[in-house]
**Q** 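I'd like to ask some things about the structure below.
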Amino acid sequence: MKYTSIKEAMSKGKGKVAVRGWIHRERGSNKIKFIVLRDSSQVIQIVFPRDKFEKQWDEIDKLQVEASIIVEGSIKKDKRAPTGYEISASKVEVVGKSDKFPINKDLNEELLGDRRHLWIRSRKMAAIMKIRSTVMQSFRDYFREKGFWEFQGPILILGGAEEGPTLFEVKYFDRKMYLAQTWQLYAEAAMYGLEKIYGIGPTFRAEKSKTSRHLTEFWMAEMEVAWCDLSELIDYAEEMTKYIIKKVLEKHKEELEILERDVKKLIPSTKKKFPRITYDEALKILDKGGMKIKWGKDLRTVEEEKLMEGYDTPVFVTHYPREVMAFYKPKDPKNPRTALCFDMLGPEGNGELIGGSQRDIDIKEMEKALKAKGENLKDYKYYLEISKYGAIPHAGYGLGPERLIKWICGLDNVKDTIGFPRTMTRYYP
Ligand code: 4AD
Ligand code: MG
């Protein structure tokens with residue numbers, strides 16, 4: 001017989017089917033055994049009446065959660081079954097027995113983390129991983145449809161990019177190199193050949209912060225575009241975010257249900273325009289809410305959360321103080337103390353999801369900013385050279401897919417959005 005996925009068997013709805021998968025739940029008596037079988041598509045209840053399986057009964061009776069089996073039988077609708085269908089088995093083969101599975105409802109976060117290599121097969125993790133896959137693909141599709149090229153930058157770099165202290169050092173033969181913190185600087189070089197590019201790549205930051213939104217290894221989804229100013233850049237970010245959320249809502253009704261996500265909370269972000277406010281305006285809103293921030297300070301998590309209390313969609317905060325921004329964010333000619341940059345903050349306490357800016361092409365200004373930050377100009381020699389040859393206004397941003405997925409799935413921690421998370425204290429398995 002031809003095997004199908006459980007989902008396909010359910011859509012067939014009646015007659016003979018053959019499915020294979022892992023035991024999700026099992027219960028029974030000495031007359032009948034009920035197994036809920038899981039594959040990557042669905043779960044389904046299967047019944048084994050003892051009188052049909054007398055010879056194999058001992059084997060069936062001993063089956064434990066996560067054992068893998070192949071089953072043939074006939075499927076029919078059954079309102080009492082967990083997913084509305086039931087297979088009455090006529091044939092079974094045990095493929096892989098299972099020890100007592102060391103995961104149950106009572107495990108705390110730490111233990112689930114230690115057993116991630118097993119927990120990853122849970123329906124919850126599988127639902128998140130499917131959504132993650134769609135988020136990554138939709139990011140690519142959006143930019144492909146807009147005529148962008150995918151471009152990969154190096155992961156081993158000589159130094160320099162975002163902030164020195166968060167670089168991970170690597171032994172590179174007899175010298176030191178570092179793991180990339182962003183694709184951006186090399187992407188800007190490539191932009192001069194391709195004009196519109198995007199990329200998704202592993203990104204490393206030695207972040208000591210133990211927050212629910214920092215990983216030390218994550219995947220940044222970035223874009224860089226020629227002849228673009230801040231407002232057009234924000235248009236891309238908004239349209240892209242809506243595009244990704246719509247795709248997830250379209251394809252993942254079931255997964256969002258497994259995650260018990262209240263999808264109504266995502267709907268405003270597919271329809272409403274995302275507000276755009278300046279840093280100065282943000283300070284005023286915070287001030288009204290009883291939070292006084294000294295002009296010139298970057299917004300911290302608590303402030304971002306406070307600011308977002310009044311919104312049900314992401315918000316763009318623009319024109320942050322230039323001094324606290326990366327060296328490549330240019331001065332706003334209309335207000336040189338601020339930079340032509342933005343952060344997109346997510347609702348429901350999700351904080352910064354995207355960071356982006358126009359790019360400075362004034363070499364002297366960038367040298368000044370780099371020196372002020374104590375950076376070594378030598379690390380940026382190639383980057384500064386790019387602007388000597390036909391520099392043009394251009395802009396780009398980086399999205400943290402883990403943070404976007406955390407929001408979309410309604411999770412408490414970015415650790416659950418990636419297969420095997422890495423933080424300062426979590427590096428196994
Ligand atoms: O704001 P960031 O640091 O921007 C850049 O690195 C730019 N060079 C990107 C660009 O313009 N091409 O990081 C971009 C996004 C953040 O908004 C956040 O969503 C995510 O990357 N991010 C992290 N996600 C998880 N763990 C961390 N430690 C992260 N650091 C940044
Ligand atoms: Mg940022």
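Predicted model, so just to flag it, every value in this text is computed and none were measured. Both counts, for ligands and for their atoms, begin at 1 and track the order of listing.
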**Q** Would you say Glu188 touches ligand 1, if touching means a heavy atom closer than 4.0 Å?
**A**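 Contact absent.
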**Q** Quick check on side-chain contact (heavy atoms from CB on, under 4.5 Å): which of Asp298, Leu340, Asp280 does Tyr320 satisfy it with?
**A**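 Testing Tyr320 for a side-chain contact (heavy atoms from CB on, under 4.5 Å) against Asp298, Leu340, Asp280 leaves exactly one candidate, Asp298.
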**Q** Are the charged groups of Lys329 and Glu365 less than 4.0 angstrom apart, N to O?
**A**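 Salt bridge absent between Lys329 and Glu365.
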**Q** Using a 4.0 Å heavy-atom cut-off, say whether Asp343 meets ligand 1 through its side chain, its backbone, both or neither.
**A**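 Neither; no heavy atom under 4.0 Å.
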**Q** Tell me: protein heavy atom nearest atom 19 (O) of ligand 1, and distance?
**A**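 Checked against all protein heavy atoms, atom 19 (O) of ligand 1 sits closest to Leu353 O, 2.9 Å.
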**Q** Has Glu352 got any heavy atom lying under 4.0 angstrom from an atom of ligand 1?
**A**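 Judged by the 4.0 Å heavy-atom criterion, Glu352 does count as contacting ligand 1.
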**Q** Do Lys12 and Tyr85 form a cation-pi contact, if we require the NZ or CZ to be under 6.0 Å from the six-membered ring centre and within 45 degrees of the ring's axis?
**A**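 So Lys12 doesn't make the cation-pi contact.
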**Q** Can you tell which part of Arg403 has a heavy atom less than 4.0 Å from ligand 1: side chain, backbone, both or neither?
**A**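 Under 4.0 Å from ligand 1, Arg403 contributes side-chain atoms alone.
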**Q** Is it true that Lys334 and Asp332 have a side-chain N and a carboxylate O under 4.0 angstrom from each other?
**A**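 Salt bridge absent between Lys334 and Asp332.
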**Q** Check whether the side chains of Thr166 and Gln181 place a donor and an acceptor atom closer than 3.5 Å, and report yes or no.
**A**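 Per modelled atom types, Thr166 and Gln181 side chains form a pair under 3.5 Å.
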**Q** Please identify which of these residues, Tyr198, Phe143, Phe148, Tyr397, meets the side-chain contact (heavy atoms from CB on, under 4.5 Å) condition with Val225.
**A**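 In the set Tyr198, Phe143, Phe148, Tyr397, the residue that makes a side-chain contact (heavy atoms from CB on, under 4.5 Å) with Val225 is Phe148.
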**Q** One thing to verify: whether Lys306 and Glu309 come together as a salt bridge, which I'm taking to mean a side-chain N less than 4.0 angstrom from a carboxylate O.
**A**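 Yes, Glu309 and Lys306 are salt-bridged.
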**Q** Look only at interatomic distance and state if Ser357 has a nitrogen or oxygen under 3.5 Å from any nitrogen or oxygen of ligand 1.
**A**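 Checking ligand 1 against Ser357, no N or O pair falls under 3.5 Å apart.
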**Q** Taking Arg80 first and then Asp78, would you say they form a salt bridge - that is, a charged N and a carboxylate O separated by under 4.0 Å?
**A**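 Looking at Arg80 and Asp78, the cut-off is met.
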**Q** How close does the nearest protein non-hydrogen atom get to atom 20 (C) of ligand 1, and which residue and atom is it?
**A**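 Scanning the protein heavy atoms, the shortest distance from atom 20 (C) of ligand 1 goes to Gly400 CA, 3.6 Å.
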**Q** Does Lys2 come within less than 4.0 Å of Glu8, counting only side-chain N to carboxylate O?
**A**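 Judged by the 4.0 Å cut-off on N to carboxylate O distance, Lys2 and Glu8 do not form a salt bridge.
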**Q** Listing residue and atom name, which protein N/O/S atoms are closer to the Mg ion (ligand 2) than 2.8 Å?
**A**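 Protein N, O or S atoms closer than 2.8 Å to the Mg ion (ligand 2): Glu352 OE2.
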**Q** Quick one: does Tyr328 get a heavy atom under 4.0 Å from ligand 1?
**A**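 Yes, Tyr328 has a heavy atom closer than 4.0 Å to ligand 1.
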**Q** Salt-bridge test for Glu109 and Lys415: reply yes if a basic N is under 4.0 Å from a carboxylate O, no otherwise.
**A**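 Here Glu109 does not pair with Lys415 in a salt bridge, since their nearest N and O are not under 4.0 Å apart.
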**Q** Going by the order shown, which atoms of ligand 1 are within less than 4.0 Å of some heavy atom of Gly355?
**A**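 Those of ligand 1 that fall under 4.0 Å from Gly355 are 1 (O), 9 (C), 11 (O), 17 (O).
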**Q** Answer yes or no: does an N/O atom from Leu215 fall short of 3.5 Å to an N/O atom of ligand 1?
**A**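 For ligand 1, there is an N or O atom that lies under 3.5 Å from one belonging to Leu215.
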**Q** Between Lys171 and Phe173 (side chain of the first, backbone of the second, donor and acceptor by atom type, cut-off under 3.5 Å), is there such a pair?
**A**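 Judged by distance alone, yes, a pair lies under 3.5 Å.
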**Q** Please compare Met223, Arg359, Lys406, Glu224 and report which has the shortest non-hydrogen distance to atom 11 (O) of ligand 1.
**A**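 Comparing heavy atoms across Met223, Arg359, Lys406, Glu224, the nearest one to atom 11 (O) of ligand 1 lies in Arg359.
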**Q** Got a salt bridge between Lys7 and Glu254, using NZ or NE/NH1/NH2 to carboxylate O under 4.0 Å?
**A**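 Yes, Lys7 and Glu254 are salt-bridged.
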**Q** Indicate whether the side chain of Glu145 and that of Tyr243 have a donor and an acceptor atom separated by less than 3.5 Å.
**A**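 Note: Glu145 and Tyr243 side chains meet the donor-acceptor criterion.
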**Q** Ignoring hydrogens, just give me the one of Arg205, His214, Gln181 whose non-hydrogen atom is nearest atom 3 (O) of ligand 1.
**A**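 It is Arg205 whose heavy atom sits nearest to atom 3 (O) of ligand 1.
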**Q** Please write down residue, atom name and distance for the protein heavy atom closest to atom 13 (O) of ligand 1.
**A**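 Result: Met220 CE, 3.6 Å.
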**Q** With a cut-off of 4.0 Å, which atoms of ligand 1 are near a heavy atom of Glu207?
**A**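 What qualifies from ligand 1 is 28 (N), 30 (N).
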**Q** Would you say Lys373 has more than 12 foreign heavy atoms packed within less than 6.0 Å of its NZ?
**A**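 Yes, the 6.0 Å shell around NZ holds more than 12 heavy atoms from other groups.
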**Q** For ligand 1, which part of Arg213 has a heavy atom less than 4.0 Å away: the side chain, the backbone, both, or neither?
**A**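 Only the backbone of Arg213 comes within reach of ligand 1.
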**Q** Under 4.0 Å, heavy atoms only, figure out whether ligand 1 is touched by the backbone of Tyr397, its side chain, both or neither.
**A**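 It is the backbone that touches ligand 1; the side chain stays farther off.
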**Q** Contact between ligand 1 and Val414 is defined here as a heavy atom of the residue under 4.0 Å from a ligand atom; is it met?
**A**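 Judged by the 4.0 Å heavy-atom criterion, Val414 does not count as contacting ligand 1.
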